[in-house]
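A quick write-up on the structure given underneath.
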Protein chains: 2
Amino acid sequence: MSALHDHTHCIADALTRADALCAERGARLTALRRRVLELVWSSHRPRGAYAILEDLSQQEGKATAPLTVYRALEFLVEQGLVHRIESLNAYVGCADPGAVHSGQFLVCESCGDAAEIDDPRVGAAIIAAAADRGFRVQRPTVEVRGLCKSCQENPR
Amino acid sequence: MSALHDHTHCIADALTRADALCAERGARLTALRRRVLELVWSSHRPRGAYAILEDLSQQEGKATAPLTVYRALEFLVEQGLVHRIESLNAYVGCADPGAVHSGQFLVCESCGDAAEIDDPRVGAAIIAAAADRGFRVQRPTVEVRGLCKSCQENPR
DNA sequence: GGTCACATGTTATAAAGTAACACCCATGTC
DNA sequence: GACATGGGTGTTACTTTATAACATGTGACC
Ligand SMILES: [Zn+2]
Ligand SMILES: [Zn+2]
Ligand SMILES: [Zn+2]
Ligand SMILES: [Zn+2]
């Protein structure tokens, strides 16, 4: 997700979908959780829990405890609204919540963007490789570091 | 890598290969680094830096600083002798150092074993998926959680 | 034997994540 | 309306993981 797009729209969209999904499931997207989701979506770059915490504290005008954020993130991850990028200890909004998918990411070393993909070839290859070894897949993690298209075209 | 195998052999083997590789490259596998590598190889389960630190301290009879271990690990990872499992904040010996590969792991939720694989289908699928999006791959990370064969056969 | 690069030691600190327990507040029940 | 119930949040303290800054050692090379 390069520089120029209407990101306000991304955020609004994400919140709308989250509202709908949670309503449908009877999950409680409380004000706090909604605000954290919004902060996760403040960019397409994965954000650390403590960065979110800082923003939240500022919004509230008073210090918030880490647990507050971690609990909200836990909920959002469970609901599939947010993914955790293991290799960055950071969180990013899910591009397509509701759809069943495991989370595959192309993480740009230069701009920090994390593009979520759900490539069936990758998923299938992992399942096949695991099956060959008698391994039962529960949760694949794919995080590919490299250079995104726009950073290749406009290097620093 | 299930329960029953001659793990002493795994360790000796890993050290021998490490010696050879480092000699070949002119990299300095010092006594300390060699001991850390040995501790990483103490099982096929990824081990945390602080677990290794504890073992090391005990061996030496005196407290060692975290940095000592982290620096040794950094070297070992650079040399491809050890991989870091991002989703566990832990380190595991590389099954095939020297070979060019990125590190794909099947991590068992039950016994904790991390089997390293280097499945060409997975690698190729990732490259293809990335190429479709103009993304240039530098370092793929694949960490699959699930149940290994032996844990499926002998559940708790 | 000087010096240069790299390895290690030491101390302090940062960043990321969790435990335990109290309180609040919406919902449903009597 | 009183009251139990359960999930969500607040508060405090703490653990685990990782790094910064600076001093000291050590071996290769000229
Ligand atoms: Zn956007
Ligand atoms: Zn980029
Ligand atoms: Zn073994
Ligand atoms: Zn297992």
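Naming convention: chains lettered A, B, ... in sequence-line order (proteins, then strands); numbering from 1 in each chain.
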Q.
I'd like to know if A:Glu143 pairs up with A:Arg145 as an ion pair, taking the criterion as any Lys NZ or Arg NE/NH1/NH2 lying under 4.0 Å from an Asp or Glu carboxylate oxygen.
A. no

Q) Does the side chain of A:Ser102 come under 3.5 Å of the side chain of A:Arg139 through a donor N or O and an acceptor N or O? A) no

Q) Can you tell me how far P of D:dT15 sits from CG of B:Leu53, to the nearest Å? A) 16 Å

Q) How far apart are the C-alpha atoms of A:His5 and A:His7, what are their side-chain angles, what is the distance that settles it, and do they pass the side chain to side chain donor-acceptor pair (under 3.5 Å) test? A) CA-CA 6 Å; A:His5 74 279; A:His7 189 60; 3.3 Å; yes

**Q.** Spacing between B:Tyr91 atom OH and D:dT17 atom C1', to the nearest angstrom
**A.** 9 Å

Q. Could you give the distance from CZ (B:Arg133) to SG (A:Cys148), rounded to the nearest 0.5 Å?
A. 13.5 Å

Q) Would you call the rings of B:Phe105 and B:His83 parallel, tilted or perpendicular if under 30° counts as parallel and over 60° as perpendicular? A) perpendicular

Q. Does the ring of B:Tyr50 meet both stacking tests against the six-membered base ring of D:dT17: centre distance under 5.5 Å and plane angle under 30°?
A. yes

**Q.** Whole angstrom value for the distance that separates P of D:dA18 from CD of A:Glu86
**A.** 12 Å

Q) Out of curiosity, A:Tyr91 OH to A:Ile85 CD1, how far, rounded to the nearest 0.5 Å? A) 10.5 Å

Q) How would nucleotides 20-30 of chain D be written as a contact map, 5' to 3', with B for base contact, S for sugar-phosphate-only contact and - for no contact, using protein heavy atoms under 4.0 Å? A) BB---------

**Q.** Nucleotide D:dT9, atom C1' - distance to CG of A:Leu56 in whole Å
**A.** 12 Å

**Q.** A:Arg136 atom CZ, over 12 foreign heavy atoms within 6.0 Å
**A.** no

**Q.** A:Ala72 or B:Ala90, whichever maps to the more 5' nucleotide of DNA chain D
**A.** A:Ala72

Q: By nearest nucleotide on DNA chain C, pick out whichever of B:Ala63 and A:Leu88 is the more 5' one.
A: B:Ala63

Q | D:dG10 OP1/OP2 closer than 4.0 Å to side-chain N/O of A:Thr68 | A | yes

(Q) Do A:Leu76 and A:Leu29 make a side-chain contact, defined as non-hydrogen atoms from C-beta onward lying under 4.5 Å apart? (A) yes

Q.
Apply the hydrophobic cluster definition, ILVMFWY joined by side-chain contacts under 4.5 Å directly or through others, and give me every member besides B:Val144.
A. A:Leu106, A:Ile117, A:Val122, A:Ile126, A:Phe135, A:Val137, A:Val142, A:Val144, B:Leu106, B:Ile117, B:Val122, B:Ile126, B:Phe135, B:Val137, B:Val142

Q | Range on DNA chain C touched by chain A - first to last nucleotide, heavy-atom distance under 4.0 Å | A | C:dA16 to C:dA20

